[in-house]
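Notes for the one structure printed next.
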Amino acid sequence: MSFPLLTATAALPAIGAVATAAVPAARRTAAKWLALVFSLATLVLAGIALVRFEPGGDRFQLTESHAWIQDFGVRYELGVDGIGLALMALTALLIPFVILAGWHDADPLETKSSRWRPTQGFFALILMVEAMVILSFEATDVFLFYILFEAMLIPMYFLIGGFGDRAHSGSDENAAAQRSYAAVKFLLYNLVGGLIMLAAVIGLYVVAGSFSLSEIAEARANGSLSMATSTERWLFLGFFFAFAVKAPLWPLHTWLPNAMGEATSPVAVLLTAVVDKVGTFAMLRFCLQLFPEASKWATPVILVLALISIVYGALLAVGQRDIKRLIAYASISHFGFIVLGIFAMTSQGQSGATLYMVNHGISTAALMLVAGFLITRRGSRLISDYGGVQKVAPVLAGTFLIGGLATLSLPGLAPFVSEFLVLVGAFAAYPAVGIIATTGIVLAAIYVLVLYQRTMTGPVKAEVQGMADLKARELVVVVPLIALLLFLGVYPKPLTEIVNPAVRHTMSDVQKKDPQPEVEAAK
């Protein structure tokens, strides 16, 4: 039997979570280093998976399949295509930076309301989320995916509610109430989506007699599986609703600004750059593959929702006074672009959407983590409490600017390639949709540049006067992310080579071909 690489990649952070949680309470530093070592080891395994993956090979590679719950036809089945592999690598890449950035976020405080802040628990929960997210990108059994889709909510709930942002303008009691509200709202929204998905999962099994993606695909190919149009549409809606909540897509997005605002900056990165990608990934993996006709039927409405997310999220970002909530609304706009690329049903759009998932994760991590370092120094999330930071902390201001420019998809930085492909794919299939979507680019420039102007330029405020610049640990977090943004901005080929074959398979699933450009005949 070959080495179960995919299982090992997901199991390693889970083992690390248990080991970190078991470290004695007095040895907080040892727990941090242990969590970091396990996250780096997971990154190594993800790198090995990247090397072993053959872009021109089978659709799902590094596969594993074992009987699990035989009476219900549930199997432990794993496999990755280029899309799942890219997101698995993104997750493994970001977690070490999340751990380093949150190095002191769970250290004990003296205040009474913050007495429960076990360092070991904080880092153990991060590793547990990593394990579940990686396994969800690998799962090719629908029931196994559903369990992971729901289970990852529990550690995220405790990370948001138990380890909230310390830079809160109100009292300790008010801060605790806000964290609790944000955590409960996050949990309830996603649980409702998950329950609806559970009904659809059961319905799929009744119709198909299997939870295995490969078996369902084979049954479709040989004609032994026929699904009534109404049945397929209802099942599609059950899956899509859950994924739209997780994504998040308007109007199911309202939990995200609360969760990101009240969580620590590293946890906010974990949420929007890692966990939320499961929703958009699942649209490609399950909605389009399992329900191709229903996906095409729902496309017009979904494109409208994506456009609303793009414009609405960007407009609200422009009007924000809170730095972290601004980044949260910007992410809602970006997720609108991802959904637009997926349901444009063109190869450029879906390649761009996949690249967008990866590049958004890197750019949001860079911007949010630098914003977290800024907020920690000043003790406030309000934009109005800053001014002139670039004069006292030029490196911090410079990295903040690069992260912001990546967020607005400046040419030469990685997100530009993604956004360009999404818009090209949308224009090719739906010109009016592409035109409206471009307004998101203009609005992004407004909210990013205004944010930078109000916080980093102008007179130096008295509270900012003694602000320290980035330290060595913080530079170790930020510099590699910026380097990646620059590298993938000028040379995205390593990603596109992995992603494009998987996109071609998805286009084949929905039986769509790229629109051919109309060329006027020569006179």
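The backbone N or O of Gly84 sits less than 3.5 Å from a side-chain atom of Asp81, completing a donor-acceptor pair. Distance alone, capped at 3.5 Å, places no donor-acceptor pair between the Thr364 side chain and the Gly361 backbone. No side-chain donor-acceptor contact under 3.5 Å links Thr140 to the backbone of Leu213. A donor-acceptor distance shorter than 3.5 angstrom exists from the side chain of Ser363 to the backbone of His360, with no hydrogens or angles considered. With hydrogens and angles disregarded, a donor-acceptor distance shorter than 3.5 Å links the side chain of Lys32 to the backbone of Trp103. Without hydrogens or angle criteria, Gln61 side chain to Val80 main chain gives no donor-acceptor distance under 3.5 Å. When atom types are taken as modelled, the side chain of Lys277 and the backbone of Thr272 share a donor-acceptor pair closer than 3.5 angstrom.
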Test ring pair (Phe, Tyr, Trp, His ring centres under 6.0 Å) on Tyr157 and Phe186 and set out the steps.
CA-CA 7 Å; Tyr157 168 80; Phe186 158 79; 7.9 Å; no
Kindly determine whether Tyr430 and Leu303 satisfy side-chain contact (heavy atoms from CB on, under 4.5 Å), including the steps that lead there.
CA-CA 10 Å; Tyr430 306 96; Leu303 291 180; 3.6 Å; yes
Passes side chain to side chain donor-acceptor pair (under 3.5 Å), Thr280 versus Tyr356? Steps please.
CA-CA 10 Å; Thr280 46; Tyr356 215 130; over 6 Å; no
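The shortest side-chain heavy-atom distance between Leu135 and Leu78 falls under the 4.5 Å cut-off. Side chains of Phe335 and His253 form no contact here, defined as non-hydrogen atoms less than 4.5 Å apart. Inter-residue side-chain proximity for Leu290 and Arg285 is flagged as unmet; no heavy-atom pair is nearer than 4.5 Å. Between Thr9 and Thr42 the shortest side-chain heavy-atom distance falls below 4.5 Å.
Ring geometry for Phe149 against Phe145 counts as tilted: the plane angle lies between 30° and 60°, on a 0 to 90° scale. Using the six-membered ring where Trp is involved, Phe211 and Phe143 have ring planes that are tilted, between 30° and 60° apart.
In the model, Ser210 has no side-chain atom that pairs as donor or acceptor with a side-chain atom of Ser212 under 3.5 Å. With hydrogens and angles left out, the side-chain atoms of Tyr312 and Ser333 include no donor and acceptor closer than 3.5 Å. In this structure, a donor-acceptor pair under 3.5 Å is present between the side chains of Thr7 and Glu64.
Considering CG of Leu249 and CE of Met283, their distance stands at 6.0 Å, rounded to 0.5 Å. To the nearest 0.5 Å, the span separating CZ on Phe163 from CZ on Phe123 amounts to 9.5 Å.
More than 12 heavy atoms of other residues, nucleotides or ligands sit less than 6.0 Å from atom OH of Tyr76.
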